[in-house]
Amino acid sequence: MALLALACVDVRAVQRDLLAWYAAHGRDLPWRRTRDPYHILLAEVMLQQTQVERALPKYREFLQAFPTVADLAGAPRAEVIRRWSPLGYNLRAVRLHRIAQQAAQERACRFPESLEELLSLKGVGRYTAGAIACFAFGQPVAFLDTNIRRVLGRCLGSIPYPAASQDRALLALAEEALPREQAYAWHQGLMDLGAAVCLRARPRCGECPLAAHCRARPLLEAEEGEGVGRSVREERPPYRVQPRYPGSRRYYRGRIVAALRVLPSGESLSLETLGRRLRPEFTAEHTEDAKWLRALVAGLAREGLVAVDSSEERGGPTISLPREPVRISS
DNA sequence: AAACCGGGGTC
DNA sequence: GACCCAGGTTT
């Protein structure tokens, strides 16, 4: 399938046109001015499900607070979680912290360079491993993110709305299409093109440097005009089915972390107090209320986002952000 | 394969 | 209010 797909496209021309476009239109971003794997890792994790514009200021702040892997590894987790706000997906902060600790304790603050070893870091998946190998260590490895998947899936694969389920085939295609001497600019360019031109819902084919090569362009443009493209439009999967936010489990998890985040360092909250900060009508004596909150807190504790201290004499457990200082060995 | 995980910006 | 977003892990 992949071989067949590439046979239809002038890959060299695609490479040339994308690299030229990137040289002219690529954005100047701080994580493109460094090859420090720690900085690259930070950027990649922040950019998971978070747009560039929103990650940008936090990236700078975070590096100012934790300039080196050792600084991050040695920081209390509570501080790392505080600094993450308000990016969301707080588990990313925990994972980042753990990776830094692993690098500090087992590798003298160095990062592994091979794809395989990078993948062994918990919280580093195929995309992030590829990005670090390529962006920090200059390796010619292929990888997919949502933008690359869409650009390559459309241009080379003729798929208007490529899904993650097709990643096996698309990664093979990406490996064939990779210009090994310019893997860095190739990937950065694919991501910029996906973010600025080859948009998911309304691709700007008129501005696309790859329009002449793109196998999906006829399908996408037919979709613009009505009638003809209806069948294609119906193939478009919903972006992400998200439950209504206020009142959801997700919402209250976020509220719990937010409530603990603003606590003076060293303080913690009883379940009763925490519950009332989430919902004024909360009562610990109400069994349903208490069960609900305990379940939420237990989930957060399992992920390392909160700490539960049950050693208090009376009044039940108290909740805080995890604050135990971290020992690093060098 | 699908569900889960936040939050803010845009239209 | 719907749509969008440089993923990874768990079930």
Side-chain angles (χ1 to χ4, degrees), chain A residues 22 26-27 29-32 39-59 81-82 84-96 98-99 118-136 142-152 161 163-168 170-171 174 184 186-196 198-203 233 236-261 295-296 299-306:
Chain A
Y22 177 67
R27 287 172 290 183
L29 301 168
W31 46 85
R32 289 179 177 168
H39 294 208
I40 303 285
L41 170 70
L42 174 63
E44 295 309 330
V45 174
M46 276 197 175
L47 289 165
Q48 290 170 11
Q49 312 297 298
T50 301
Q51 282 98 331
V52 166
E53 293 68 26
R54 223 155 63 77
L56 212 37
K58 293 309 294 184
Y59 173 82
I81 294 171
R82 270 189 216 105
W84 196 256
S85 174
L87 291 177
Y89 285 105
N90 299 307
L91 188 51
R92 293 184 293 171
V94 175
R95 289 181 180 152
L96 193 60
R98 288 209 185 107
I99 293 169
L118 285 164
L119 278 168
S120 75
L121 300 172
K122 185 141 173 127
V124 172
R126 183 59 180 79
Y127 164 76
T128 307
I132 295 173
C134 179
F135 298 150
F143 50 91
L144 302 173
D145 77 325
T146 187
N147 286 317
I148 299 174
R149 175 187 303 123
R150 192 171 56 247
V151 174
L152 293 183
Y161 300 102
S165 60
Q166 307 174 73
D167 276 0
R168 176 185 292 276
L170 285 177
L171 187 58
Y184 186 102
W186 170 251
H187 286 112
Q188 297 284 7
L190 286 172
M191 291 192 282
D192 267 8
L193 191 68
C198 192
L199 307 178
R200 186 183 126 92
R202 294 194 180 279
R233 183 183 301 278
R236 183 161 78 207
Y239 180 73
R240 202 185 288 275
V241 277
Q242 194 176 97
R244 237 229 320 292
Y245 188 55
S248 66
R249 173 188 164 86
R250 236 165 142 104
Y251 171 78
Y252 280 110
R253 282 172 52 100
R255 293 293 311 276
I256 290 171
V257 173
L260 300 177
R261 201 152 40 202
L296 284 175
L300 289 165
R302 186 163 358 98
E303 296 168 13
L305 275 163
V306 308

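Residue numbers start from 1 in every chain, and the chains themselves are labelled A, B, ... in the order their sequence lines are given, proteins ahead of strands.
- Residue I81(A) contributes atom CD1, which lies 12 Å from atom P of dG7(B) at whole-angstrom precision.
- Here the straight-line distance linking atom OG1 of T146(A) with atom OH of Y127(A) works out to 11.0 Å at 0.5 Å rounding.
- Computed from coordinates, the L91(A) CG to dG7(B) P distance equals 13 Å when rounded to whole Å.
- Rounded to an integer number of Å, the gap from I256(A) CD1 to dG6(B) P is 10 Å.
- Look at the P atom in both dG6(B) and dT10(C): the space between them is 15 Å, to the nearest Å.
- Residues passing the salt bridge (charged side-chain N to carboxylate O under 4.0 Å, His left out) test with R250(A): none are found, sequence neighbours excluded.
- Computed from coordinates, the E303(A) CD to dC5(B) P distance equals 8 Å when rounded to whole Å.
- Per the geometry, CE belonging to M46(A) stands 14 Å off P belonging to dG8(B), to the nearest Å.
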query = Under the side-chain contact (heavy atoms from CB on, under 4.5 Å) criterion, do L56(A) and W31(A) qualify, and how do the steps go?
reply = CA-CA 9 Å; L56(A) 212 37; W31(A) 46 85; 3.6 Å; yes
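- Atom C1' of dT10(B) sits at a distance of 22 Å from the matching atom of dG7(C), rounded to the whole Å.
- The distance from the CG atom of L305(A) to the CG atom of L260(A) is 10.0 Å, given to the nearest 0.5 Å.
- Here F135(A) and F143(A) bring their ring centres to under 6.0 angstrom of each other.
- For the pair P86(A) and S165(A), nearest-nucleotide mapping onto DNA chain B gives the more 5' position to S165(A).
- For the P atoms, the distance from dA6(C) to dC4(B) is 23 Å, rounded to whole Å.
- Going from atom CH2 of W84(A) over to atom P of dC5(B) covers 18 Å, rounded to whole Å.
- No hydrogens or angles considered: a donor-acceptor pair under 3.5 Å links the side chains of Q188(A) and R32(A).
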Each nucleotide of nucleotides 4-11 of chain C classed B (base within 4.0 Å of a protein heavy atom), S (only sugar-phosphate) or -, in 5' to 3' order, makes BBBBSSS-
